[in-house]
Structure formats: structure tokens, C-alpha cells
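Note on naming: letters A, B, ... go to the chains in the order of the sequence lines (proteins, then strands), and numbering restarts at 1 for each one. Values below: all heavy atoms of this structure, side chains included; hydrogens, waters and symmetry mates excluded.
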Amino acid sequence: MNTENSLNSKQKEAVEATEGPVLVVAGAGAGKTKVITERIKLLMKNGVPPEEIIAVTFTNKAAGEMKARTIEQNSDIKKFRLPFIGTFHALGLLMMKENAKKLGLSGRFTIIDEDDSIKLVKESVLELNLDIKQFDPSRMKHQISSFKNKLVEQEECAEEGYFGEILCKIWQLYEKKTKAQEFLDFDDLILKPTRLLMRDKNTLEKYQNRWRYIHVDEYQDTNEAQYMLSKLLSAKHRNIFVVGDIDQAIYSWRGADFRNVLSFQQDYPDAKIITLEENYRSTDIILEAANAVIINNKMRVPKNLWTKKTGREKIKIMVAEDEKIEAETVAFEILTLKRGRIPALEMAVLYRTNAQSRAIEEALLSHNIAYRIVGGVRFYERREIKDLLAYVRLVQNPQDEISRKRILNVPARGIGKTLATKIFGKTIPLKPEEEKKIKDFEALIDDLRKTSAEKKPFEFLRYAVQKTGYRRYIEDGTEKGMDRWQNVEELIAISRKNEDLEEFLEHVSLFSAEDVYEPEDGSGKVNLMTIHSSKGLEFEAVFVVGMEEGLFPHVLSLDATDLEEERRLCYVAITRAKTKLYLSLAARRAIFGERISNMPSRFLKEFPEHLLEYQEMFPPDGGLPEIIIE
DNA sequence: CCCATAACTGTTTTT
DNA sequence: CAGTTATGGG
């Protein structure tokens with residue numbers, strides 16, 4: 001980043017363009033967050049009330065950083081008078097709450113995650129007596145998502161042909177289920193408010209007058225619904241300020257369409273367009289490599305990042321025999337860097353798939369190198385966390401069948417499959433002992449409900465894990481059990497921040513534990529994460545592992561369009577590094593228990609030869625494996 | 001109904 | 001390989 005207060009002329013131009021539509025095309029490390037936060041500060045300085053300003057991001061991490069930077073050196077801004085700075089989903093939720101009645105909802109909705117949402121689709125497929133293989137629930141869910149991302153509501157589903165008609169039927173049933181329980185999936189949080197604005201002029205105008213200055217970060221990641229939402233909100237005052245970089249568009253699989261950046265000029269012919277090309281992060285060596293790789297993409301707007309930083313070190317290539325040696329080499333190199341006084345927190349190991357982290361973890365563990373995993377199996381998706389949250393949800397909302405189903409027999413209380421179907425199928429004849437089991441369960445929930453009304457969330461959770469026998473159930477003496485219990489304790493700790501259960505649930509549905517906790521505890525740990533989750537971050541030293549065909553680019557992304565996205569991913573990975581960049585690959589690697597041989601990634605050939613050097617291997621005596629990069 | 005074991009499957013990225 | 005689902009004996 002460039003020094004705190006100084007803005008270069010382009011940045012200044014962007015910040016000072018406070019009126020009218022503005023598109024900032026900002027390369028990696030060119031200070032795009034800074035431009036947004038400085039502009040917000042300037043607006044407020046000029047007397048624009050904070051309530052009239054919003055800034056939308058895609059991740060909580062980005063929103064948090066933006067908030068912090070807006071407050072910074074601006075302590076005179078009272079905390080309760082801050083602009084809305086948050087994710088699209090948080091903004092959507094806010095609008096949903098404010099308009100619950102208009103949308104025919106009570107306002108006590110539950111946000112469901114991808115897992116639960118797929119479960120509901122599965123139920124729907126089964127209820128329609130369809131073949132679960134032919135109509136794979138997660139694929140169906142993906143289809144439904146694509147519709148919603150394109151602003152199509154269920155009633156408008158008009159797919160033709162056998163498959164299409166059935167898809168609409170599945171969606172219909174899914175919609176019925178979610179409506180009945182006031183469930184909202186992630187897509188609904190954008191779709192519903194946007195459609196409301198499209199059909200209700202009054203509501204639209206209300207929001208247009210309320211939010212007169214709109215900022216959108218990572219504009220290349222917007223999908224059609226998000227694009228429309230920001231367009232509608234800004235249509236009246238036309239103060240829309242978007243920042244994006246097509247070369248960093250890596251979410252098309254989730255419905256994002258970077259062409260939204262390209263069409264900005266058509267939407268607003270008078271838009272001011274500013275390109276930021278000076279990079280304040282990486283050395284010229286790293287940038288030259290990044291530019292050389294990304295130039296191979298056809299779908300882009302030419303742009304050339306440059307820097308004043310002259311690099312001393314070339315990019316190091318490490319060729320290993322297998323993933324274990326690759327990991328050892330990384331560990332060995334990390335130790336060397338540590339001796340060279342590079343703090344661990346300034347190092348990151350980046351990989352294409354989460355599965356790759358294991359080998360790295362094992363090597364780091366064996367060398368006593370502290371690390372932390374960013375992302376990974378997400379906290380709130382862990383079984384024990386979901387179980388406990390299901391109890392909380394059921395306590396809050398007796399209608400919540402997905403939660404009831406989840407914990408009815410967790411821990412085991414003699415309510416097996418047959419009895420469960422009887423309950424949900426409302427079959428009357430129950431044996432006395434069955435009656436009793438159900439009564440006991442409902443009594444348990446009633447008791448929890450009463451307790452929840454009297455206690456704070458964290459006290460309630462402590463009570464609940466005891467009372468339900470959940471603690472005994474997971475603490476089974478195994479290492480895994482201990483791990484699980486630790487997660488539960490972490491959840492309880494998180495709940496301390498919340499005054500009531502409703503707030504707690506809302507918080508856990510939109511945030512991940514990684515967002516809740518301080519990113520770095522100061523003890524200095526090496527960062528491990530996927531390339532996707534590294535976007536927006538920077539490190540002194542970056543290791544990109546698994547530079548192999550099939551892994552990166554991934555086998556499932558080899559057609560022309562996907563390949564360009566893989567290349568952008570490579571671009572993102574490279575541009576995380578400030579001064580040291582390592583690329584590693586393994587000749588053989590274990591993938592689902594099988595050993596396979598991979599060729600070096602085609603991306604490696606796109607790096608200019610003169611920027612590369614081969615790193616000696618660990619262990620150095622092993623002899624170099626026979627891999628030659630053409 | 002419960003638990004253990006066997007069989008199976010699906011493994012890219014995530015708000 | 002690991003996590004989930006199907007199967008079968010207790």
C-alpha cells in the first residue's frame with residue numbers, strides 16, 4: 001500500500017469525483033479499498049450525512065477492513081453515525097427486515113446455508129418420486145440458484161422439455177417448503193429485495209432518497225441480481241461509484257459476470273472512468289510475471305501494472321517428487337525465511353483446492369511451524385456446530401422442521417427413522433412407548449425454550465449442551481471428540497457477544513467464524529488458504545503449491561472460458577506476493593488414495609524464463625526428479 | 001432401534 | 001482417503 005495519506009494523481013481524481021457515475025478500474029495492489037474509503041471520508045467531510053452513504057462488498061473481511069479504515073483518523077465520527085458498509089447479503093437482509101410485511105413475511109425468518117438448502121431440494125426431489133441420481137439435488141440447487149441470480153422468481157420458471165419442466169416442479173416444491181418455514185437462502189437475500197424495488201415504485205424511491213451515494217467494491221464479481229440492485233438504488237441520483245478488475249474475476253461459477261464492468265459505460269455514457277495501474281505491493285519481477293501470464297487471456301481490457309519497487313529476487317520454482325516432498329520443501333524454505341527475519345504472518349501457502357492443505361499441514365507440524373488455516377471446512381458447517389444451532393433454531397422457531405429433523409435423535413433417544421417418518425407424516429396410531437419418547441423430546445425443547453427466555457445466549461448454550469446430553473454425546477474420549485467439543489466451546493464463546501438469541505442466530509448465518517475472530521493473534525503463524533480466499537490479501541512471501549495440469553488449471557476447468565478464469569486465479573495468486581514468490585509442483589501426488597502423475601502446469605510456461613530460478617530441493621540429496629518444463 | 005461395518009461416492013473455488 | 005449412506009447382527 002502506498003503511504004497513509006498520500007494519494008497519487010489518479011487515486012485523487014477518483015476520490016474527488018464525488019458526483020455522478022464513476023468506474024475505477026484498479027489492478028491488484030493499486031489501492032482500490034483506499035480509494036473507496038477516502039471517498040467516503042471526503043463525502044462526509046463535505047457534509048453528506050453518513051446515513052446517505054452505502055458501500056457494498058462481497059466478503060465480511062473486506063467490509064470489516066473498509067469500516068476500520070473509514071473510522072481511522074476520523075474519530076470525530078460517532079460510531080452510531082457510520083455509513084452502511086457491508087456485504088450484499090447483509091444489505092439484502094436489512095431490506096428484507098424493513099419490508100417483511102410487504103413481502104408477506106412475519107420478519108422472523110431463518111437464513112439457511114447451502115447444506116440445508118440442498119437438503120430441502122433433496123426432500124423435494126424425493127417427494128416428487130424422482131430419481132435422485134438423475135435429478136441430483138446439489139445440481140438442481142445450482143440450477144435454481146442460477147435462476148435466482150438472474151432475477152427469475154419461481155412462478156416465472158418456464159423451462160421447456162422433460163427436464164426443464166421437472167426442474168420447475170422441484171423448484172416449486174422447494175419454494176413452498178422455504179416459504180412455509182420462512183427460510184431464506186443466500187440467493188433470496190438479493191433476489192427478493194431487488195424484485196420488490198422493481199415492482200414497487202414507492203419503496204424504490206424511498207431507498208433512492210435514503211441512499212444517495214452508492215459504492216460497490218469488486219464490481220467484477222457482481223451477478224445479475226446484484227448488478228440490478230445497485231443500478232436501481234442509484235438510478236435517481238446517479239451517484240454510483242464502482243471499483244473492479246476484470247483480471248481478478250474468479251467467481252463466474254457462482255453466477256458473477258464481469259461483463260457488468262464492461263457495460264457500465266453503456267449504462268452511464270457520461271461515466272468517469274479512471275484506471276489505476278500503479279501497484280504499491282509487489283516488485284517489478286513479480287509484476288512482470290503477472291502481466292506476462294494474464295496477457296494470454298482474450299477476455300480482458302488491456303492494462304499494465306507497474307511499480308517503482310525493484311526486486312532483487314527471482315521467482316523460485318520448486319520441483320518435487322510427490323506432495324510430501326513438496327510440502328517438506330515448503331516447510332524447509334519457511335524455516336529459512338524465518339531465519340532471515342521474515343515474520344511468519346507475512347508468509348502464505350496458497351493452493352487451488354482445500355484437499356491440498358493436508359500434506360502442507362503435516363510437514364509444518366513436523367517442523368513445529370505454527371500455521372493457521374483461513375477458510376477451509378467452514379466453522380458453521382461443522383456437524384457439531386450445526387447440531388447445536390439446530391437446537392437454538394428449534395427453540396426460537398417451533399415450525400423449523402429442518403432443525404427438528406436434525407436433532408430429533410441427536411444424541412440418540414430412540415427416535416429412529418420409522419418413528420421420525422411417523423411424526424413428520426402425522427400418522428396417528430403411535431405405541432405408548434413411542435408417545436412417551438416424543439413427549440420427552442418436546443418437553444426437553446419446551447424446557448430449553450423457557451430457559452432461553454431467562455438467560456443470555458452463552459448461558460443458555462452452556463445449559464443446553466448439558467441438558468440435552470450433547471456434551472456427553474460428542475465427548476467420547478477420541479481425539480475427534482475433543483476437537484468437536486472445542487468447536488462447541490468456541491461457539492459458546494462467540495455467543496457472548498450477543499444479547500439475545502435472535503441476534504446470535506442472525507450473526508452466525510451471515511458471518512463465518514473466521515470473520516468473527518481477529519485475523520492474526522500476534523503469535524506469528526504462517527497462513528494457509530485457497531487462492532480464492534487470498535483475494536485482497538498480501539504477503540511478503542507467497543508459496544503457490546500444486547502448479548500442475550489437472551490441479552491448476554483444474555481438470556474440471558479446461559474449456560476455453562473456464563481456463564481463462566483459472567488464469568485469472570493464477571494472476572491473483574502471483575499478485576499476493578510483495579517480494580518473494582515460490583511456485584512448486586509435484587511429479588506424483590495422491591488423489592483420493594490413488595497416486596497419479598501430473599504434468600507441469602501450462603501456466604508455468606507463460607512465465608518469462610529470465611524471471612525464474614530453480615530452487616534446491618529438500619532433502620537436497622534426493623536427486624532431482626525428472627521433470628522438465630519446456 | 002442401535003451401532004458397527006461395508007459399500008459407495010464424490011472430491012473447486014463460497015457469500 | 002474420508003465422509004456419507006446402505007446393510008445386517010445384536
**Fill in**
Comparing A/Phe58 with A/Arg413, nearest DNA chain B nucleotide closer to 5' gives the residue A/Arg413

Would you kindly give the [atom1]-to-[atom2] distance between [X] and [N], to the nearest whole Å?
{"X": "A/Tyr219", "N": "B/dT15", "atom1": "OH", "atom2": "C1'", "result": "18 Å"}
{"X": "A/Asp136", "N": "B/dG10", "atom1": "CG", "atom2": "P", "result": "7 Å"}
{"X": "A/Lys148", "N": "B/dT15", "atom1": "NZ", "atom2": "C1'", "result": "14 Å"}
{"X": "A/Ile112", "N": "B/dT14", "atom1": "CD1", "atom2": "P", "result": "20 Å"}
{"X": "A/Tyr473", "N": "B/dC3", "atom1": "OH", "atom2": "P", "result": "9 Å"}
{"X": "A/Ile118", "N": "C/dG3", "atom1": "CD1", "atom2": "P", "result": "17 Å"}
{"X": "A/Leu563", "N": "B/dT13", "atom1": "CG", "atom2": "P", "result": "18 Å"}
{"X": "A/Leu229", "N": "B/dT15", "atom1": "CG", "atom2": "C1'", "result": "14 Å"}

Side chain of [X], heavy atoms from C-beta onward: which of [options] has the nearest atom to it?
{"X": "A/Arg254", "options": "B/dT15, C/dA2, B/dT13", "answer": "B/dT15"}
{"X": "A/Trp253", "options": "B/dT9, B/dT13, C/dC1", "answer": "B/dT13"}
{"X": "A/Asn409", "options": "B/dT15, B/dC2, B/dT14", "answer": "B/dC2"}
{"X": "A/Thr87", "options": "B/dT13, B/dC2, B/dT15", "answer": "B/dT15"}
{"X": "A/Lys133", "options": "B/dT12, B/dT15, B/dT9", "answer": "B/dT9"}

**Item:** Atom C1', compared across B/dT13 and C/dT4: separation rounded to whole Å
**Value:**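 Looking at atom C1' only, B/dT13 and C/dT4 are 22 Å apart.
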
Looking at every strand, decide which applies to [X] at a 4.0 Å heavy-atom threshold: base, sugar-phosphate, or nothing.
{"X": "A/Phe186", "answer": "base"}
{"X": "A/Glu565", "answer": "nothing"}
{"X": "A/Ile415", "answer": "sugar-phosphate"}

**Candidate pair A/Phe543 and A/Tyr351, rule ring pair (Phe, Tyr, Trp, His ring centres under 6.0 Å), full reasoning** = CA-CA 8 Å; A/Phe543 296 83; A/Tyr351 33 79; over 10 Å; no

**Message:** One thing to verify: whether A/Lys497 and A/Glu503 come together as a salt bridge, which I'm taking to mean a side-chain N less than 4.0 angstrom from a carboxylate O.
**Reply:** no

**Message:** Tell me whether the rings of A/His532 and A/Tyr251 are parallel (<30°), tilted (30 to 60°) or perpendicular (>60°).
**Reply:** tilted

**Prompt:** Can you check whether A/Phe88's main-chain N or O pairs, donor with acceptor, with A/Gln226's side chain at less than 3.5 Å?
**Reply:**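 Judged by distance alone, no pair lies under 3.5 Å.
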
**Prompt:** Is the ring centre of A/His554 under 5.5 Å from the base ring centre of B/dT12, and are the two planes under 30° apart, so that they stack?
**Reply:**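 Yes, the aromatic ring of A/His554 stacks with the base.
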
If only side-chain N and O atoms of [X] are considered, is one of them under 4.0 Å from the OP1 or OP2 phosphate oxygen of [N]?
{"X": "A/Thr353", "N": "B/dT13", "answer": "no"}
{"X": "A/Ser533", "N": "B/dT14", "answer": "yes"}
{"X": "A/Asn223", "N": "B/dT15", "answer": "no"}
{"X": "A/Asn354", "N": "B/dT12", "answer": "no"}

**Request:** Evaluate the side-chain proximity of A/Met228 to A/Leu151: yes if any heavy-atom separation is below 4.5 Å, no if none is.
**Result:** yes

**Message:** Suppose we call two aromatic rings close when their centres sit under 6.0 Å apart. Are A/Phe183 and A/Phe109 close by that rule?
**Reply:**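 Between A/Phe183 and A/Phe109, the centre distance exceeds or equals 6.0 Å.
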
**Message:** Can you say whether a donor on the side chain of A/Arg352 sits under 3.5 Å from an acceptor on the base of B/dT13, or the other way round?
**Reply:**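 Per atom types, the contact qualifies.
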
